[in-house]
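So you know, we letter chains A, B, ... as the sequences are listed, proteins then strands, and number each from 1.
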Amino acid sequence: MPDLIAFVLLLAITAYSTAGGVDFGAGIWDLMAGNSPRGREARALIDHAMAPVWEVNNVWLVLAIVLTWTGFPILFQQVFSSLYPLFTFALLGLVLRGAFFAFRHVAEEPRAHRIADVVFGLSSLLTPFFFAASLGAIASGHLVPFSPMSVAFGLVSLAATAFSGASFLVGDARRYGAPELVVHFQRRTVVAAAALIAVGTFALGVIWWQAPDLLRSMLAGKGLPFALATMILTPLATFLIWRGIFRWYRVLTVAAVGSMVFAWAFAQSPYLVPGQLTISQAIAPPPTQVLLLVVAAVVVLVIGPAMGLLYYLDQRSALESPES
Amino acid sequence: MDVDVDALEPALLPSRIQMAFTLAYHVLLVPLGVALPSLTLLMEGIGIYRKDPVALKIARRWSVVMAVQFAVGAVTGTILSFEFGILWPRLMGRFGAAMGLGFAIEGWAFFLEAIFIGIYLYGWNRLRPRTHFLLGLVLPPAGLLGAFGVLASNSFMNTPGGVTLGANGQVTDVDVMGALFTRALGHEFWHFLVALYLTAGFMVASVYAVAWLRGRRDHYQRLAFAVPFTVAALLTPWQLLIGDLAARAMAEDQPQKFAAMEITWQTRDHNPEVVLGLIDDQGEIHLGLSIPALDSILVGYSPNTTVRGLSAFPADARPTTVEANITHLAFDTMVGLGSVGAALSVWYLWVIWRRRRLPDSSWFYRLAALAGVGAYVCVEAGWITTEVGRQPWIVYDTMRVSEAVTDAPASFVWSMLAALVVVYGVIAYFFITLLLRLSARWKREDLREEAPEVGVPYGPRSGKFETGA
Ligand code: HDD
Ligand code: HEM
Ligand code: HEM
């Protein structure tokens with residue numbers, strides 16, 4: 001049962017990394033779009049694509065936090081006692097992002113609008129970097145906020161969010177029938193994928209240097225299937241998008257990024273903090289575990305269909321932004 | 001006493017201030033978050049049932065407010081959950097397995113709420129009216145469940161239960177039901193729930209009370225005033241009753257807090273009820289109005305009831321004098337404003353019942369216009385009573401605030417607090433500007449559109465995405 005709960009936690013983290021990643025990635029492209037007419041069109045698309053679903057993603061994060069403190073109280077205490085600076089920066093990004101996303105809908109004056117755009121974009125960089133950095137610090141086994149591992153994880157996360165953001169924006173541009181924007185984001189997907197592969201290779205080097213055991217089980221142990229999956233799926237998804245074969249590319253994007261998270265988690269299992277804390281050492285008493293599994297089941301049974309309904313309605317354009 | 005603790009735990013003071021600030025902010029968003037969906041659905045239901053386009057228009061406008069404020073609630077709420085780790089890592093490290101249960105429930109309830117608010121808000125145009133309404137019906141129970149989760153956790157902090165502690169104070173076993181349904185939950189849940197609905201009712205109605213005072217008295221404005229105000233007015237008297245039960249439960253379960261609420265120093269019978277007033281370190285009461293024996297009567301229905309005073313507890317296990325005074329004044333504020341609200345409600349219900357129409361006294365609308373803010377003050381005061389009155393405990397009689405606080409340097413927490421104050425200020429500014437703009441735009445729309453179908457929210461509109469928009 002403890003392993004199952006750890007797995008549920010992993011799923012929540014993965015969901016946040018992928019769904020949230022798409023969202024933050026859109027924010028990154030928003031920042032890069034510049035103020036040219038094409039840039040403004042791209043930004044309008046990003047805005048439109050994000051509006052109905054943007055806060056839902058946040059909930060994955062909350063779920064992950066709640067699962068951690070309820071299911072693995074000691075892990076929560078250790079991680080937060082040492083890594084609080086990383087979380088603080090990630091949070092700062094989160095609030096600024098939320099606030100300025102809302103604000104740019106009301107900013108009428110061009111200058112204010114521009115400022116809102118920039119703050120929104122910059123904060124989209126902060127959050128994925130610092131959350132992933134905390135995973136890196138955990139993976140290193142030392143729980144030191146700023147270390148080569150935490151920086152490497154942060155960079156990978158930035159590249160991965162940019163990649164998944166661009167890939168999904170290709171889909172949104174197609175749905176809204178904006179061919180120039182499709183091309184615009186096709187190119188960006190390829191660039192981001194190249195960056196992701198470069199940074200990913202670099203990160204493997206850092207892991208080799210800092211945590212050789214982790215690298216070993218990533219490339220030769222439990223992490224291997226997922227590491228392989230990432231290495232295959234990322235170029236595959238990119239290829240499809242690049243050649244304009246618009247089938248499966250979004251699923252593959254999510255799978256590529258998700259596998260990356262899985263590769264890390266499975267490589268360090270059964271440790272929550274490598275060399276220091278295992279799943280069975282940190283787990284809460286059995287009745288709490290039962291309740292958490294019930295909650296997980298409810299999420300699957302109730303939230304799953306509800307999410308499905310939201311995306312279904314959204315994709316069928318049954319949901320429209322009220323002009324505000 | 002306080003000084004020693006501060007020397008040991010440098011970050012204690014900024015952490016407490018930060019927690020109080022962010023919670024006080026977040027809780028302002030909760031009444032509309034939990035209760036506005038119900039009011040909106042009520043209005044939408046009226047609109048569908050009576051085929052009244054005005055009611056539908058009102059409902060649609062409220063749904064926009066609901067969504068905007070849900071977004072702010074989501075952001076500030078996420079911050080809160082991280083603060084438990086950043087500021088009080090040992091609280092969850094020790095009690096997470098029990099205290100976390102409520103939050104686990106809250107987590108998925110908000111999930112559901114976030115999803116359905118999206119559907120509700122963006123579905124006005126394209127969904128069939130009945131479908132739209134039915135999908136909206138998920139919102140009130142989801143909000144309720146969320147409030148339940150948070151309050152279960154808070155009640156655990158006030159009256160911990162359902163846990164077996166090991167030799168080092170670690171939780172070794174948990175009784176899930178016992179930890180969720182602790183003694184304080186009985187009154188906290190109902191009291192808070194009613195508070196949410198009556199606050200939302202008064203707040204929404206107060207906007208239209210202002211419009212009434214400015215001379216707008218058409219069907220739109222009357223309907224938008226009467227529906228929420230009636231809900232609030234029907235609830236307010238019950239709130240006094242539940243509050244009274246809460247206070248009595250307090251005398252039993254959290255006697256230090258009760259002593260602080262009533263600034264009672266000596267344990268005694270015939271204890272007077274002190275209205276306002278302050279206590280000093282010697283237990284002398286200054287200022288204030290003292291009503292003989294009333295406190296004893298309220299607690300045990302008899303002047304002979306013994307009430308425990310602050311001096312009955314060791315100095316390091318009860319609120320300090322300053323904390324007791326804050327608790328007391330907050331409590332008096334809540335009770336005072338609550339009673340005014342109840343009087344206003346009786347006035348309203350009386351007019352409705354006897355004359356079958358809305359009151360037409362300007363004084364009534366002046367008070368109604370203030371009722372919204374008053375209810376929010378009550379909510380804040382109630383939380384201050386609960387939280388400050390529990391000092392120095394973070395989990396009552398079990399874990400001290402100073403034992404839970406982070407090892408982070410005080411300078412770090414102060415900086416984070418400063419950053420949050422700035423960012424929250426910006427959010428508040430945006431939030432209020434946005435609401436004012438919406439209101440101004442709606443007013444413009446109302447002036448322009450007179451043809452019946454124009455005001456009808458249903459029907460296809462060009463919601464097409466346009467590049468360069
Ligand atoms: C509109 C809001 C409102 C109104 C009119 C009242 N309250 Fe209240 N009260 C709250 C809103 C509130 C609250 C903010 O919702 C609290 C904070 C914690 C809680 O559960 O509810 C609260 C807490 C609270 C507590 C502390 C509970 C605890 O620590 O566990 C007591 C003893 C009372 N109230 C008593 C009263 C009395 C005697 C009232 C009668 C006049 C009253 N309240 C009116
Ligand atoms: C589940 C709900 C809540 C939890 C778990 C919680 C937790 C805490 C914690 C950990 C502290 C810091 C320790 C302390 O100083 O007591 C605190 C203090 C405080 N909380 Fe709560 N709180 C909750 C609800 C609220 C709400 C909704 C408010 C709204 C106003 C609030 C107001 C305060 C205040 C004013 C303090 C400062 C007390 C002082 O420093 O003397 N709390 N609370
Ligand atoms: C009794 C006090 C509280 C109540 C009743 C309450 C209720 C709510 C409500 C209704 C929302 C949805 C947003 C909205 O509608 O405005 C919300 C958001 C949230 N609250 Fe609170 N809250 C309280 C205190 C807390 C505390 C102490 C925490 C800390 C863990 C917290 C965590 C959250 C989180 C994480 C969200 C965001 C959920 C989402 O993304 O949908 N809340 N809260």
Side-chain angles (χ1 to χ4, degrees), chain A residues 37 40-41 44-45 48 51-53 55-56 58-59 61-63 65-67 69-70 73-74 76-81 84-85 87-88 91-92 94-96 98-99 102-103 106 176 178 181 284-285 287-288 290-292 295 298-299 302-303 306-307 309-310 313 317-322 324, chain B residues 64 68 70-71 74-75 77-79 81-82 84-86 89-90 92-94 96-98 100-101 103-105 107-108 110-112 114-116 118-119 121-127 171-176 406-408 412 416 419 423 426-427 430 433-434 437-438 461 463 465 467-469:
Chain A
R40 254 175 277 141
E41 275 178 24
L45 173 74
H48 201 76
V53 281
E55 337 154 325
V56 176
N58 238 11
V59 189
L61 178 64
V62 175
L63 228 51
I65 284 282
V66 168
L67 271 168
W69 77 39
T70 315
I74 306 170
F76 183 80
Q77 175 172 344
Q78 286 188 3
V79 165
F80 271 90
S81 307
Y84 57 86
F87 292 117
T88 306
L91 273 187
L92 205 62
L94 207 67
V95 231
L96 287 175
F103 178 56
V106 287
Y176 293 120
L181 288 178
T288 303
V290 174
L291 186 112
L292 285 180
V295 167
V298 168
V299 170
V302 178
I303 310 286
M307 277 270 213
L309 180 68
L310 178 68
L313 292 174
S317 300
L319 306 180
E320 282 300 337
S321 300
S324 75
Chain B
V64 176
V68 173
F70 186 83
V75 173
T78 309
I79 303 270
S81 49
F82 275 86
F84 279 108
I86 294 172
R90 297 198 202 99
M92 285 303 178
R94 196 166 148 195
L101 296 171
F103 288 117
I105 292 172
W108 72 263
F110 285 152
F111 212 146
L112 211 57
I115 294 172
F116 279 89
I119 294 178
L121 177 71
Y122 295 108
W124 279 105
N125 289 330
R126 300 289 175 85
L127 296 175
V171 172
T172 53
D173 199 11
V174 176
D175 160 19
V176 169
T406 173
D407 295 325
F412 179 85
M416 183 179 175
V423 176
V426 172
I427 295 181
F430 290 167
T433 327
L434 181 62
R437 279 188 197 193
L438 282 175
R461 266 192 325 181
F465 166 74
T467 49

**Study point:** Residue B:A419 versus chain A: region with a heavy atom under 4.5 Å
**Key:**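 It is the side chain, since no backbone atom gets that close.
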Point to revise | CA sep, side-chain torsions, deciding dist, call: A:I65, B:F82, side chain to side chain contact (heavy atoms under 4.5 Å, CB included) | key: CA-CA 8 Å; A:I65 284 282; B:F82 275 86; 3.5 Å; yes
What's the shortest heavy-atom distance between [X] and [Y], and which atoms?
X      : Y      : answer
B:R94  : A:Q77  : N-OE1, 4.3 Å
B:F116 : A:A306 : CE1-CB, 3.7 Å
A:V295 : B:A104 : CG1-O, 3.8 Å

**Study point:** Region of A:V95 that comes under 4.5 Å of a non-hydrogen atom in chain B
**Key:** both
Practice item. Measure A:L67 against the heavy atoms of chain B and call it side chain, backbone, both or neither at under 4.5 Å. Key: neither
State the [atom1]-[atom2] distance between [X] and [Y], to the nearest 0.5 angstrom.
X     : Y      : atom1 : atom2 : value
A:F80 : B:F84  : CZ    : CZ    : 11.5 Å
A:Y84 : B:M416 : OH    : CE    : 11.0 Å
A:L96 : B:I427 : CG    : CD1   : 7.5 Å

Check your understanding: What residue, out of A:V66, A:L291, A:V290, A:L91, has the most heavy-atom pairs lying under 4.5 Å from chain B?
Key -> A:L91
Point to revise | 4.5 Å side-chain heavy-atom contact, A:T70 and B:F103 | key: no
**Study point:** B:V75 side chain reached by A:L94 side chain, heavy atoms, under 4.5 Å
**Key:**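 Side chain of A:L94 against side chain of B:V75, heavy atoms only: no contact under 4.5 Å found.
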Exercise for review: Run through A:V62, A:V302, A:V59, A:N58 and flag the one making a side-chain contact (heavy atoms from CB on, under 4.5 Å) with B:F111.
Suggested key: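 With B:F111 as partner, side-chain contact (heavy atoms from CB on, under 4.5 Å) holds for just one option, A:V59.
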